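What follows is a short report on a single structure.
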Amino acid sequence: MTHIFITGGTGFIGSQILAQLSCEDHTVSVLVRSKARWEQIRKQLGWLSGDGQRETSVGNERFSPVIGDLSLPGFGLNETDMALVLTADVIIHAGGPMDIRIGESEARAVFLQAAEEMLSLASQIQTNKGLQHFIHIVGFKSPFTDDNIHNPAPIIASLEQESPYELMKFLADLRIRQGAKQLSFPLSVVHPSVLIGSSEHGDTPQTGGLGILVRATARRLLSITPGGNSHWLPLFHVNHAAEFISALAKESNPVSQTYYLLDEKTQSPSMTELVSGIAKELRVSKPWGAISPKLLSKVLGSPLGRKIGIPKESLDFIVNVNQAYPLTASQDIQRKYGLEHAINSSIMPYTISDLDFRLVHSHSQADGYIQGKRGPLATLERAGSDKGKPPILFVHGTLSGADCLLPLAEQFPESSVCLVDLPGFGRSPYHHGADVIEGHIESLVQAIRAFETPVTLVGHSLGGLLAAHAYARVPEQIHRLHLLQPALHSAARRYRSARINEAALRMLRAPSLRKQLLAQSCFTDISDIPPAYVTYVLAELQSPRVRKTTAETFSALTRAESFTQLQPGALLLGEASILWGTQDRAYHLPERFRSARTVEIAASHHFPISHPAMTAQLLRQQGL
């Protein structure tokens, strides 16, 4: 059993490495700043049960935190933890922030000084018992190799204009290479390119890489593309990188080697194609021209450029198409262990949408929930204590998202729950279909079909309309159907123009939003409106993707064909239950649906958001 010491284990790539190492027979000591952060990462990895307290079969005593700080002497470890770390067989050094704008003193501490501390630790292990393997995660732009570290002065001189982030990271690479030669331990230097989210569902909590392009495109600052067709941005899935590093940790006789983790240029889009794809998902105009990265760097380094808000350092990751990187060593490991390495192009819309969501929401992590994907929809999911119960699938309405129904989902701890973001809302990419509502319906149907067993379907407002349509198409996949204030008739004609809707949504501020919510009887009075809901909606509408989708959905809901196609057959009316708030003045329950099991309550349209506990109690009474 190999003992691994890892730094950066709670970071973007580090947490993925932990997930991979948990599948192997290792003991792992993880450097973390606090026990609280360790608990967060265990929840994120699903190592705690749904109640957040009980340990699952993964992440047990084989994984233990050592409390310290990468920038402190001896990592700030106490005597007991240092003694434990000194028994490690393999070191994985993945620590350091992904923040290209950090200052020199911080960069020096977390990269260069940390490298010295890592070498001190490696030296002690090598002297005491022999260090089996040192794995250092750096970055694909580092200029140092084993061939040039004996005369590094010319290279160091050429790095004078680099940002402190890049400079100190490169010097740390140099220092650890030199130390490995002196101490004679095997060193694997891993150079990932720009890391993006999982190849399975695309979530990308590290917003400093591709997220810079996403933010700039959303702000319509990339009408001209850096580099155009002559440049590209090398990308790599974080789970593929983690699988690669986990494979290196299994090597019984490792050799010192440098590994570049990049997608092959022939399989990657040019900068023009990449930015055009981002623009499509953000629902803004595509770029019409290109500009030299060198010229753009000068512009961004000027006072005018600094006002634009795009760091010129971000251009360092863009590569000329003629520049090649040695991939043979990496490909040998990938073949040996049967690893994937190509970018999953079908997941890129989810990566872009997830980054868009994170960039507009200051707090995007739903504690205790795993981010996933069902069919074409991004999800938040949590396991329940009773595995025999059908999973509950929650579907939100307009001016809403999966996060808005979390307080309602929390009322059902015994059930596994899944909250979807509809296409173009929250973390889900838009469906790009010609018919807005039909695209929403079909996406929901595909999400339902992705479950192995029938689901209990709960839809609010627009989500109620879509849930009813979905039930009509796949009744065998739905255990029970609960509609909460479903939108079953046309919206007011003043929402007919999507363009006017979008302009109005762009101008919304907190006071006017609250006024509109009360005027449309979404809430009974101002005290009913959760502050977190207002914050969420205003943040969502900063995204041009969400804003345009919301505007078009409002417009589609004014058209009768969105509703007349839904015929409440005997099966639907016999199986569905409806909770209806009688204080809703904008919508009413059509006569043709009144033979369904209906409970009328003295509440407004958004009662599932304003009164989640009451809503849950009523749903239980209806058999949920």
Side-chain angles (χ1 to χ4, degrees), residues 392-402 404-405 408-409 419-420 422 425 436-438 440-445 447-448 455-475 478-492 495 520-523 550 553-554 556-612 614-616 618-619 621-624:
I392 307 174
L393 179 60
F394 291 93
V395 190
H396 65 85
T398 52
L399 289 182
S400 190
C404 297
L405 293 181
L408 176 57
L419 304 98
V420 297
L422 291 170
F425 294 91
V436 179
I437 299 299
E438 174 57 31
H440 290 340
I441 296 168
E442 185 53 35
S443 296
L444 179 58
V445 168
I448 293 169
V455 302
T456 295
L457 187 58
V458 180
H460 171 231
S461 190
L462 165 69
L465 169 67
L466 303 179
H469 274 289
Y471 186 86
R473 298 186 188 187
V474 285
I478 298 171
H479 173 69
R480 281 195 176 127
L481 176 65
H482 299 276
L483 309 180
L484 313 177
Q485 209 71 10
L488 297 173
H489 70 78
S490 302
Y495 298 116
Q520 298 302 312
S521 63
C522 293
F523 298 94
T550 303
T553 301
F554 278 156
L557 289 174
T558 66
R559 297 195 293 269
E561 58 266 26
S562 298
F563 307 90
T564 55
Q565 296 174 2
L566 181 62
Q567 297 300 323
L571 181 61
L572 188 153
L573 292 176
E575 295 297 325
S577 75
I578 298 176
L579 298 185
W580 189 262
T582 58
Q583 295 182 29
D584 186 345
R585 297 185 298 276
Y587 285 91
H588 63 268
L589 187 62
E591 286 298 325
R592 66 184 190 277
F593 286 94
R594 287 194 173 273
S595 57
R597 287 183 294 126
T598 303
V599 175
E600 294 188 344
I601 54 177
S604 298
H605 190 89
H606 276 27
F607 68 83
I609 294 173
S610 59
H611 296 86
M614 177 196 73
T615 305
L618 292 169
L619 283 170
Q621 292 172 4
Q622 295 301 303
L624 191 149

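What you see is a predicted model, and the numbers here were worked out from it, not measured in a lab. Scope of the values below: all heavy atoms of this structure, side chains included, with no hydrogens, waters or symmetry mates.
With sequence neighbours excluded, the residues forming a side-chain hydrogen bond (donor to acceptor under 3.5 Å, both in side chains) with Gln520 are Arg494, listed by chain and number. Every residue meeting the side-chain hydrogen bond (donor to acceptor under 3.5 Å, both in side chains) condition with Thr553, not counting sequence neighbours, appears here in chain and number order: His440. Residues satisfying the side chain to side chain contact (heavy atoms under 4.5 Å, CB included) criterion with Gln622, sequence neighbours excluded, are His482, Ser577, Leu579, Arg597, Val599.
The residue from Thr398, Ile441, Val395 that alone fulfils the side-chain contact (heavy atoms from CB on, under 4.5 Å) condition with Leu422 is Val395.
Going from atom CG of Leu399 over to atom SG of Cys404 covers 9.0 Å, rounded to the nearest 0.5 Å. From Leu618, atom CG reaches atom CG of Leu484 across 9.5 Å, with rounding to the nearest 0.5 Å. To the nearest 0.5 angstrom, Thr558 atom OG1 is 11.0 Å from Tyr495 atom OH. To the nearest 0.5 Å, atoms OH (Tyr587) and OG (Ser490) are separated by 8.5 Å. Here Leu481 contributes atom CG and Ile578 contributes atom CD1; the two are 8.5 Å apart, rounded to the nearest 0.5 Å. Atom CG of Leu457 sits about 11.0 Å away from atom CD1 of Ile392, to the nearest 0.5 Å.
The shortest side-chain heavy-atom distance between Ile601 and Met614 falls under the 4.5 Å cut-off. Between Val458 and Leu393, the closest side-chain pair of non-hydrogen atoms is not below 4.5 Å. Contact annotation: the side chain of Leu483 never approaches that of Trp580 to less than 4.5 Å [non-hydrogen atoms, C-beta and beyond]. With a 4.5 Å cut-off on side-chain heavy atoms, Ile478 and Thr456 do not count as touching.
When all heavy atoms are compared, the tightest approach of Val436 to Ala556 is CB-CB, 4.2 Å.
Comment: Glu438 engages Arg473 in a salt bridge, judged by a side-chain N to carboxylate O separation of less than 4.0 angstrom.
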Check residues 603-612 and write down every donor-acceptor pair under 3.5 Å in which the side-chain atom is one partner and the other belongs to a residue at least two apart or another chain.
residue	atom	partner	partner atom	Å
Ser604	OG	Thr524	N	3.3
Ser604	OG	Thr524	OG1	3.0
His605	ND1	Asp584	OD2	2.6
His605	NE2	Ser461	OG	2.7
His606	NE2	Tyr533	OH	3.1
Ser610	OG	His606	O	3.4

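The six-membered or imidazole ring of His460 lies away from that of His396, with a centre-to-centre distance of 6.0 Å or more.
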